[in-house]
Amino acid sequence: MNHYLFKVAYFKSITIPKMNSNALTFLLLLAIFFNACRESTPVPLYDIQKKITADSAIVVSAHPLASEVGTEVMKEGGNAVDAAIAIQFALAVVYPRAGNIGGGGFMVIRQQNGNIDALDYREKAPLAANRDMYLDQEKNVIDSLSKYGHLAVGVPGTVAGMFAAHAKYGQIKDIKRLIQPAIKLAALGFAVTETEANRLNKFRDTIAKINILPNPFVKTTPWKAGDKLVQPELAQTLQLIHNQGQAGFYEGKTAEKFVAEIQRGNGIITKADLAQYQAKWRTPVTGDYKDYKIISMPPPSSGGVALIQLLKIMENYPLSEYGFHSPTAIHLMAEAERRVYADRAEHLGDSDFYDVPVDSLISTAYLKERMLTFDEQKVTPSDSILGGAFELGLESFETTHTSVIDPMGNAVSVTTTLNSNYGSKVVVNGAGFFLNNEMDDFSAKPGVPNQFGLVGAEANAIQPQKRMLSSMTPTIVEKDGKVFMVLGAPGGSTIITAVFQVFTNVAEFGMGLQPAVNAKRFHHQWLPDEILVEEETLSDATRQELASKGHQFREVKRMAVIKAIHVLPNGKLVGVGDPRNPDDDVAGF
Ligand code: DON
């Protein structure tokens, strides 16, 4: 009977049988109740895919609207570089906490013919920067200066990077087509996801305090999923870039607004800084690991060097026999990570300013020697490798990675960032975009940790026009001369170990891509002397055995957020987004 009534309420054409008024009231109440239930069921904002298999092209990005922009470009004949450019501009709108035009990044490219390349559009220290700029009179670091506000900003590289990438590799003739979707999204607005709404609420007061209001990111009532974010000033800035090319950002009106904003907050970036910025093509760092060739980002990122070091160390041990997350495997991997991060602190920096011994660092002989102190039974304390101790602060940071393979077989791996969530929290007044706080990636003082707990020294000291050291690890892996994997992640210092572990999950522990990405992770970065573990990573027995070797642990909710593509032996493409970011989305065809 109930079933019948239910239908009556929804299909008015069905003849209603005779019934008394009580029955009719009951029927109406039931219909009202049912409608109320329907209305309160949240309609998903976006159709998010965490894993797809595709025949010809695939995009994994941090936002479904950006993934859609990328696939549309490829459907029109654009290649993976075109798609990555359109995605970068789209993310600057729909993923304001990390997608950017006010930040920088790295792009690693492998063309279908095997040619490889790396683009560095990392931010630079301003001309007026100096090595002690974040120190007080007693030479102590004033912590907040490199993290919040106008002095934390490095000269942005993103727009120059996109134009350099397009000039060398673009297949879509006019870059305007690649900027257009971002303009539309900024001008017409889009619905924010729950994650973005939460972040905007979390940082509301800081953004409000630092900036001239009103701005589109600060509302009087809290943001909720589905609210529209419209960014008219950003749309205008993007339109200037669209009309005038890179000069639409680094010169003219945008540069004027940029410098006025910087001066309002006593920052030091000038018009000359903006006018001089250039992206740089670099030779990717490469290394063999068993049957695989690793192609990754060289300095000023530490990512590629560190990843290759870790894998080359693993070559000397039967990792797969030890088993996934076995105490023996974790001990070995953590001890290797400890040594590699000690090298990072000492030797890595911008190779345009400091002689980084890349070849020596990744040489088999050096890495064998580096592990001579490895003891299977106990830890090698970090202070016996190099000195220093500090607190690790993994609070609120955000970057974003995109992996793309196009129908021609070209692959692109690109990581871009403002550093922290919404960078320095400074929005350029009248131009609508957030500025990075990438200056915090420099070593403000030898041995004093940055927001990721990373320490550094001379190699990464501040100098005018130098690029700050990064951990971003956009990577492409080849096997038998073909693309095997494309991967990378946001996650500060944990990016390197995440890329390392997801790759070994596939290559050593035989996992499919999705379990490999979803699997819990651990991370050792030399200092502090502890293993960071995601919650529920270790069984009690494993934890006890590792503790008996001397390991200490710190639990965190989540670490880096991987976006990866795996090319199957039959040529099909599997793309996976990480559940650690609910908005990660895969699209393809
Ligand atoms: O370049 C770096 O290593 C950092 N600025 C990256 C920051 C980051 O990944 C934050 N994201 N979660």
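All of these numbers come straight from a predicted model, not from anything done at the bench. Just follow the structure's listing: the first ligand is 1, and inside any ligand the first atom is 1.
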Inset, instruction - Could you list the atoms of ligand 1 found under 4.0 angstrom from a heavy atom of I495? - result: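 Per the distance check, 9 (O).
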
Inset, instruction - Show which atoms of ligand 1 fall inside a sub-4.0 Å distance from at least one heavy-atom site of S471. - result: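 So the answer, numbered in order with elements, is 1 (O), 2 (C), 3 (O).
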
Judging by distance only, is a nitrogen or oxygen of [X] under 3.5 angstrom from one on ligand 1?
X	value
G492	yes
T417	no
G491	yes

Legend entry - side chain to side chain donor-acceptor pair (under 3.5 Å) between N100 and T416, intermediate numbers included: CA-CA 8 Å; N100 65 80; T416 180; 2.8 Å; yes

Inset, instruction - Please check if atom CG in D355 has more than 12 non-hydrogen atoms from other residues, nucleotides or ligands closer than 6.0 Å. - result: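 Result for CG/D355: open.
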
Legend entry - Salt bridge D578-R558, side-chain N to carboxylate O under 4.0 Å: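 No, D578 and R558 are not salt-bridged.
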
Inset, instruction - Answer yes or no: is there an ion pair linking E458 with R131, defined by an N-O contact shorter than 4.0 Å? - result: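 So E458 pairs with R131 through a salt bridge.
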
Inset, instruction - Measure M468 to ligand 1 on non-hydrogen atoms and call it side chain, backbone, both or neither using the 4.0 Å cut-off. - result: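 It is neither; nothing of M468 touches ligand 1.
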
Inset, instruction - Under 4.0 Å, heavy atoms only, figure out whether ligand 1 is touched by the backbone of T399, its side chain, both or neither. - result: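 Looking at T399 and ligand 1, atoms from backbone and side chain both fall under 4.0 Å.
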
Inset, instruction - Please collect all salt bridge (charged side-chain N to carboxylate O under 4.0 Å, His left out) contacts where either partner lies in residues 441-453, sequence neighbours excluded, each pair once. - result: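 Matches after skipping sequence neighbours: R122-D441.
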
Legend entry - Residue pairs involving residues 83-102 (criterion salt bridge (charged side-chain N to carboxylate O under 4.0 Å, His left out); sequence neighbours excluded):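 Residue pairs passing salt bridge (charged side-chain N to carboxylate O under 4.0 Å, His left out), neighbours aside: R97-E196, R97-E398.
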
Legend entry - ligand 1 contacted by R122 (non-hydrogen, < 4.0 Å):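 Heavy atoms of R122 do come under 4.0 Å of ligand 1.
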
